[in-house]
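Following: one structure in structure tokens, then a few remarks.
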Amino acid sequence: MSTDVSGMIECRPLARIWGEDDEDAVWHDAIDLFLLNTGNAYDALACLFGVRNSFGFRPLAEGRGLPEDASSGLRDAFNAWGGPHDAHGTTWITWAELAAADWDEKDRSGMLSRSMVAGAGTHWAPVWEVMRTLGELHGPEHVRLVVWFD
């Protein structure tokens with residue numbers, strides 16, 4: 001049975017201006033992953049999120065769950081997908097974390113690097129471009145990718 005990834009990029013635009021604790025500094029849904037055509041290459045899902053990790057990657061963001069402060073749009077999408085009963089591996093990662101990641105780190109075999117399986121030359125490039133652009137506008141810590149799997 002195959003594993004598919006679903007999710008959304010969120011941003012918190014007013015946090016950079018007013019601070020994270022301001023009542024208006026809430027997360028907003030920005031774009032659904034399905035619009036960015038990420039595919040479901042298992043090596044990418046393994047190195048990013050620890051899903052189907054027979055490759056032996058050290059995942060960047062595994063098992064963090066749905067953020068407590070997730071946007072209403074993201075919560076609606078997650079619940080429409082079946083919520084915690086039908087989704088597994090729910091997690092999230094900020095653009096700041098992705099930008100600081102070691103993209104040359106290899107899997108257990110030493111043959112595949114993060115950049116080879118999920119870097120700029122892969123189906124994940126559109127996701128990284130959107131997150132990079134939003135991070136430049138709103139701050140990298142105020143942009144995150146939230147994903148779940150079926």
Side-chain angles (χ1 to χ4, degrees), residues 1-13 15-16 26-150:
M1 177 174 257
S2 70
T3 299
D4 291 317
V5 60
S6 297
M8 194 170 286
I9 296 171
E10 293 185 301
C11 66
R12 192 165 42 172
R16 189 176 207 174
V26 297
W27 290 94
H28 296 270
D29 50 311
I31 189 168
D32 194 299
L33 269 186
F34 104 92
L35 295 172
L36 300 173
N37 193 29
T38 59
N40 69 341
Y42 293 157
D43 49 6
L45 302 181
C47 85
L48 295 170
F49 312 115
V51 172
R52 295 265 181 151
N53 195 4
S54 61
F55 301 90
F57 276 106
R58 187 179 57 85
L60 293 178
E62 182 178 21
R64 294 178 175 180
L66 193 70
E68 289 184 23
D69 57 355
S71 66
S72 59
L74 185 133
R75 286 187 184 282
D76 290 347
F78 181 71
N79 289 329
W81 195 258
H85 301 291
D86 292 330
H88 68 90
T90 305
T91 194
W92 57 271
I93 189 166
T94 67
W95 179 243
E97 292 173 292
L98 286 162
D102 178 1
W103 288 91
D104 293 324
E105 185 175 330
K106 304 243 189 239
D107 69 344
R108 180 178 33 245
S109 74
M111 301 293 291
L112 298 172
S113 69
R114 281 190 209 291
S115 63
M116 290 171 64
V117 302
T122 70
H123 285 291
W124 284 88
V127 176
W128 309 149
E129 287 298 314
V130 169
M131 291 183 77
R132 180 189 55 75
T133 300
L134 290 171
E136 288 172 0
L137 293 169
H138 306 297
E141 67 279 9
H142 304 301
V143 176
R144 69 182 172 201
L145 172 62
V146 182
V147 296
W148 57 89
F149 304 88
D150 68 352

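From a predicted model like this one, the values you see are computed outputs, not experimental measurements.
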What heavy-atom pair brings [X] and [Y] nearest, and what distance separates the two atoms?
X: Thr3; Y: Leu45; answer: O-CD1, 4.3 Å
X: Ser115; Y: Asp104; answer: OG-OD1, 4.3 Å
X: Met8; Y: Asp29; answer: SD-CB, 3.1 Å

Practice task
Quick one: pull up CZ in Arg132 and CH2 in Trp95 and give me the separation to the nearest 0.5 Å.
Solution key: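 Taking CZ in Arg132 and CH2 in Trp95, the distance rounds to 7.5 Å.
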Problem - Spacing of CG belonging to Asp69 relative to CZ belonging to Arg12, to within rounding of 0.5 Å - result: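 Spacing of CG (Asp69) from CZ (Arg12) equals 6.0 Å.
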Exercise for the section: Would you check if the side chain of Asp43 reaches a backbone N or O of Cys47 as a donor-acceptor pair within less than 3.5 Å? Expected result: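 Judged by distance alone, no pair lies under 3.5 Å.
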Handout entry: Between Glu141 and Thr94: side-chain donor-acceptor atoms closer than 3.5 Å
Key =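 Distance-only check fails for Glu141 and Thr94.
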Problem - Distance-only side-chain donor-acceptor flag, Glu136 / Thr133, under 3.5 Å - result: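 Note: Glu136 and Thr133 side chains miss the donor-acceptor criterion.
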Any side-chain heavy-atom pair of [X] and [Y] under 4.5 Å:
X: Glu105; Y: Ser113; result: no
X: Trp27; Y: Arg144; result: yes
X: Glu129; Y: Leu36; result: no
X: Ile9; Y: Leu134; result: yes
X: Leu74; Y: Leu66; result: yes
X: Lys106; Y: Leu112; result: no
X: Pro67; Y: Trp92; result: yes

Practice task
Please state whether the rings of Trp148 and Phe78 are parallel, tilted or perpendicular, taking 30° and 60° as the class boundaries.
Solution key: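 Taking Phe78 first and then Trp148, their aromatic rings stand perpendicular (interplane angle over 60°).
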Problem - More than 12 heavy atoms from other groups under 6.0 Å of NE2 on His28 - result: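 Result for NE2/His28: enclosed.
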